[in-house]
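In each ligand, atom 1 is the first atom listed, and ligand 1 is the first ligand listed.
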Amino acid sequence: MKPLSTLLFSLVLFAAFSLPVASAQSSVDTAEKWIWSGNLGWIDARPSAAHGAIIGRFYCRGNLWVPNAGWVSLGTGNPANGYAYSNATGTDFGVNFAGYNLDGTGRLRGLAWAANFGWIVFEDQGNPRINLSTGALSGHVWSANTGWITLGGFSLSVATNFLDNGLDTDGDSIPDAWERLMTGNLTTLGANNDADGDGVSDYDEWLAGTDPTDPNDRLRIVSFAWNAATEIATIKFTSNPGRLYLVETSSTLAAPWVDAGLGWLPGAASSTTTTRMVDIDPDALRDFFRVRVALPLPPP
Ligand SMILES: [Ca+2]
Ligand SMILES: [Ca+2]
Ligand SMILES: [Ca+2]
Ligand SMILES: [Ca+2]
């Protein structure tokens with residue numbers, strides 16, 4: 001029988017050189033995939049399509065590769081509550097997409113695990129974040145053993161091409177994470193359901209980021225006013241900082257709808273409504289307005 005120390009050494013070697021379990025395709029761009037650590041050097045966020053990082057709309061998974069120090073896991077890919085890692089136990093750890101900053105960037109918060117140098121903390125001081133227009137990551141994360149690690153900001157950068165929606169085990173096209181977050185189960189919401197009876201399907205409420213259990217929350221224009229002298233209209237609509245909106249106009253409800261001039265814009269941070277001003281065509285007998293919504297960085 002081998003002495004215990006030899007067995008332990010073998011196990012450590014095995015852990016250091018074994019590939020982690022492959023998951024879905026990495027979301028990280030093949031060219032913009034580099035993270036910098038003063039002590040570790042360049043870190044590869046997409047060492048391969050199968051083993052690279054997957055940045056999620058709810059939680060992250062996949063891995064980073066440190067040439068000098070091995071694999072870093074962004075999470076188990078299966079948070080216990082279905083939508084966010086608790087980071088309270090060693091089996092329920094990972095990096096979550098945790099809301100939005102005032103500048104509209106998405107917040108990455110939680111714990112990543114490096115087999116060879118321990119926990120990496122995604123926290124408020126370093127403010128690791130995602131630009132929802134470009135997918136670029138920025139900010140810093142902290143490792144007690146190796147110091148600050150920088151996401152972007154140097155000669156090379158790291159960006160995600162999409163935000164992963166995670167599992168859809170019941171096949172209704174509504175991410176299971178959102179179903180569990182909103183209702184605690186997978187059965188209340190369904191592709192052709194309207195659980196709260198507000199006239200907007202559960203699936204469309206997912207796209208709009210509105211509450212599928214609240215009949216008073218749906219995508220709608222809340223108020224509209226216009227100034228005849230300045231020919232400017234003020235339009236206010238329900239919004240979510242995690243969605244993009246396009247105000248469109250038409251002179252007749254039957255005509256093609258066109259961009260009212262603002263382009264796609266994010267929902268206001270820390271608010272359930274967005275207010276914008278648009279020019280009115282002074283020659284038109286009438287103008288109609290509508291608001292469209294889309295998910296930023298949609299999965300391929
Ligand atoms: Ca589902
Ligand atoms: Ca469902
Ligand atoms: Ca509804
Ligand atoms: Ca609703």
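Put simply, Leu189 gets within reach of the Ca ion (ligand 2), with an N, O or S atom under 3.0 Å from it. Leu186 lies apart from the Ca ion (ligand 1) in this respect, since none of its N, O or S atoms is found at a distance under 3.0 Å.
Of all heavy-atom pairs spanning Asn96 and Ala84, the tightest one is OD1-CA, 3.4 Å.
Taking the Ca ion (ligand 4) as reference, the nearest N/O/S atom within Asp211 carries the name O. Minimum-distance N/O/S atom of Asp172 relative to the Ca ion (ligand 1): OD1. Distances from the Ca ion (ligand 1) to the N/O/S atoms of Glu179 are shortest for OE2. Restricting Asp196 to its N/O/S atoms, the shortest distance to the Ca ion (ligand 4) is reached by OD2. Taking the Ca ion (ligand 4) as reference, Asp214 places its N/O/S atom O nearest. The atom of Asp168 that is an N, O or S and sits closest to the Ca ion (ligand 1) is OD1.
A 4.5 Å side-chain heavy-atom check between Ile235 and Val247 finds at least one atom pair inside the cut-off.
No close placement of the Tyr83 and Phe58 rings is indicated, their centers lying 6.0 Å or farther apart.
Atoms OD1 of Asp176 and OD1 of Asp170, as seen from the Ca ion (ligand 1), are separated by an angle of 90°, to the nearest 10°. With the Ca ion (ligand 4) at the apex, Asp217 O and Asp198 OD2 define an angle of roughly 90° (rounded to 10 degrees).
In this structure, Thr249 contributes its side chain and Phe288 its backbone to a donor-acceptor pair below 3.5 Å.
A side chain to side chain contact (heavy atoms under 4.5 Å, CB included) with Leu297 holds for exactly one of Asn131, Leu163, Thr134, Leu244; it is Leu163. When each of Leu246, Asp259, Leu219 is checked for a side chain to side chain contact (heavy atoms under 4.5 Å, CB included) with Arg292, only Leu246 meets the rule.
A chain of hydrophobic side-chain contacts below 4.5 Å, direct or via other Ile, Leu, Val, Met, Phe, Trp or Tyr residues, connects Phe237 to Phe289.
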